[in-house]
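What follows is a set of notes on a single structure, which appears directly below.
Below, read A as the first sequence line, B as the second, and so on, with proteins coming before strands; counting in each chain starts at 1. What's counted below: heavy atoms across the whole structure, side chains too, no hydrogens, waters or symmetry copies.
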Protein chains: 2
Amino acid sequence: MSCEVNLTNQLRERGFRITPQRSVILHILGHAKAHLTPAEVYQQASISLPGLTETTVYRTLEFLAQTGLAQTVFNGKSKYAYEISGYAHHHLVCRQCGTEVEIPHVKAEALFKELQESTGFQLMQNHISFFGLCPVCQED
Amino acid sequence: MSCEVNLTNQLRERGFRITPQRSVILHILGHAKAHLTPAEVYQQASISLPGLTETTVYRTLEFLAQTGLAQTVFNGKSKYAYEISGYAHHHLVCRQCGTEVEIPHVKAEALFKELQESTGFQLMQNHISFFGLCPVCQED
DNA sequence: TTCCTTATTGCAGTTAACTGCAATAAGGAT
DNA sequence: ATCCTTATTGCAGTTAACTGCAATAAGGAA
C-alpha cells in the first residue's frame with residue numbers, strides 16, 4: 001500500500017476521502033496484470049479487508065472510473081471489468097469468441113482530437129471497445 | 001409487419017428461423033425513434049404478442065446484434081440498448097449526465113480501415129460508445 | 001485531542017441479466 | 001398434408017448490478 005500514493009493523493013487533493021476500501025481496491029487494480037471484474041476485485045479485496053461488501057466494490061469501481069483513475073473495459077456482454085493502466089490503449093473484441101486485442105491509443109488520437117473539436121466534449125482516454133470478428137472466427 | 005421483409009429474408013437465407021417473436025421485435029426496433037432497452041422492447045412487444053417472455057427478448061436482441069441486424073448501444077452503465085439504423089453512426093456519451101451525441105461513421109472510417117488491416121479483424125460497424133464530459137458538465 | 005460535518009459504507013431489498021433444460025414449433029423432407 | 005429434425009422458446013431458478021437509507025468514520029475545525 002505504498003505504491004499508489006500518487007493516486008490517493010490525487011483523490012485527496014480533489015476533495016475525496018481516502019478510505020481503507022478505496023486503498024485496497026486501488027492497490028489491487030494497480031497490481032493486476034489484466035482487467036478485473038467487480039466480483040474478482042471483491043474476492044481479492046475481501047482477503048485483506050474482511051467485511052467489505054460487494055456494493056462498495058461496485059460503487060468504488062464506478063467512482064474510480066468517474067474520476068478517471070481507472071478505466072472501464074466493456075466486453076460485449078453486459079458485464080464489465082476495470083483496470084488501471086499507464087499505457088493508453090483500447091480494445092478490439094471478437095464478438096464470437098471474446099478474444100481481445102489491444103489497440104494503442106495513438107491510433108485513435110486523430111479521431112479523438114477531431115471529436116473534441118467538433119462536439120466540445122472533453123473525451124476521456126478511457127478504453128473504447130471495438131467489436132468485430134477475429135481472423136479465426138471469420139471462417140465459421 | 002411488411003416493412004422488415006428484407007431483414008427477415010436475410011435471416012431466412014442465412015439459415016435462421018423466422019418466429020413471431022423475432023418478427024415483432026424486429027418490427028419494434030425498426031420503427032423505434034431511438035434505441036430501446038430490453039425492458040422497453042419487452043413492454044412494447046408484449047402488447048402484440050402476449051405470453052412473450054423477457055428471456056426471449058434478451059436472447060433475441062443479442063441474436064440480432066450477433067447477426068449484425070441490430071446494433072448494441074452501450075450507455076456507460078451496465079445496461080444497454082439496441083437499435084436498427086440505416087445511418088451508420090456511433091455515440092459520444094457524457095459520463096456525468098448521460099447526454100448523447102451522434103457521431104457519423106465517416107469520421108471513424110479511417111481508423112476502422114487501419115484497424116482491420118493491422119489486426120485482421122473484420123470490424124462490425126456497430127456503435128462505438130465514446131465517453132467524455134459534455135460542455136455543460138465540464139464546469140462542475 | 002476532541003468535536004462536527006458530511007462523504008462513504010454496509011445492510012436489506014430490488015431490478016436486470018443470464019442459464020440449463022424440457023417443451024414447442026419452423027421449415028425442409030417425404 | 002404429415003412427419004422429423006433441431007433451432008427457439010418458456011419456465012424456473014441463479015447470478016450480477018443497482019438503490020435507499022441509516023450507521024459509520026475521514027478529515028478539517030475548535
Kindly point out which of [options] is positioned nearest to the side chain of [X]?
X: B/Pro20; options: D/dG27, C/dG27, C/dA26; result: C/dA26
X: A/Arg59; options: D/dC21, D/dG27, C/dG27; result: D/dC21
X: A/Pro38; options: D/dA17, D/dA26, C/dA26; result: D/dA17

Legend entry - Donor + acceptor pair across side chains of B/Gln66, B/Glu62 (<3.5 Å):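 Yes, side-chain donor-acceptor contact under 3.5 Å.
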
Legend entry - Shortest non-hydrogen separation from B/Leu69 to B/Ile84 and the atoms involved: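 Closest heavy-atom pair between B/Leu69 and B/Ile84: O-CG1, 3.6 Å.
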
Legend entry - Smallest separation among heavy atoms of B/Tyr42 and B/Thr53, with atom names: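 Closest pair (atom of B/Tyr42, atom of B/Thr53, distance): CE1-C, 3.7 Å.
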
Within the structure, does a side-chain N or O atom of [X] lie under 4.0 Å from either OP1 or OP2 of [N]?
X: B/Tyr58; N: C/dC18; answer: no
X: A/Gln21; N: C/dG10; answer: yes
X: A/Thr56; N: C/dG10; answer: yes

Rounded distance in Å - [atom1] ([X]) to [atom2] ([N]):
X: B/Ile18; N: C/dG28; atom1: CD1; atom2: P; value: 10 Å
X: B/Tyr42; N: D/dT9; atom1: OH; atom2: C1'; value: 13 Å
X: A/Phe16; N: C/dT9; atom1: CZ; atom2: C1'; value: 16 Å
X: A/Leu52; N: C/dC11; atom1: CG; atom2: C1'; value: 13 Å
X: B/Glu13; N: C/dG27; atom1: CD; atom2: C1'; value: 15 Å
X: A/Gln66; N: C/dT8; atom1: CD; atom2: P; value: 13 Å
X: A/Glu40; N: D/dA16; atom1: CD; atom2: C1'; value: 13 Å
X: B/Tyr80; N: C/dT15; atom1: OH; atom2: C1'; value: 17 Å

Remember a base hit wins even if backbone is also touched, and classify [X] as base, sugar-phosphate or nothing at under 4.0 Å, heavy atoms.
X: B/Arg22; value: sugar-phosphate
X: B/Thr55; value: base
X: A/Glu54; value: nothing
X: A/Gly15; value: nothing

Legend entry - Other residues, nucleotides, ligands: >12 heavy atoms within 6.0 Å of B/Gln43 CD: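 Incorrect, the count does not exceed 12.
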
Inset, instruction - By nearest nucleotide on DNA chain C, pick out whichever of A/Phe63 and B/Thr19 is the more 5' one. - result: A/Phe63

Legend entry - Partner nucleotide, any strand, of C/dA23 [Watson-Crick/G-U, under 3.5 Å]: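 Pairing partner: D/dT8.
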
Inset, instruction - Can you label the angle between the A/Tyr80 ring and the A/Tyr82 ring as parallel, tilted or perpendicular, going by 30° and 60°? - result: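 Judged by the thresholds at 30° and 60°, the geometry between A/Tyr80 and A/Tyr82 is parallel.
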
Inset, instruction - Answer with yes or no after comparing the ring centroid distance for B/Phe112 and B/His90 against a 6.0 Å cut-off, counting only values under it. - result: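 Yes, the ring of B/Phe112 comes within the 6.0 Å limit of the ring of B/His90, centre to centre.
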
Legend entry - Donor-acceptor pair (no angle test) under 3.5 Å: B/Arg17 side chain, C/dG28 base: no

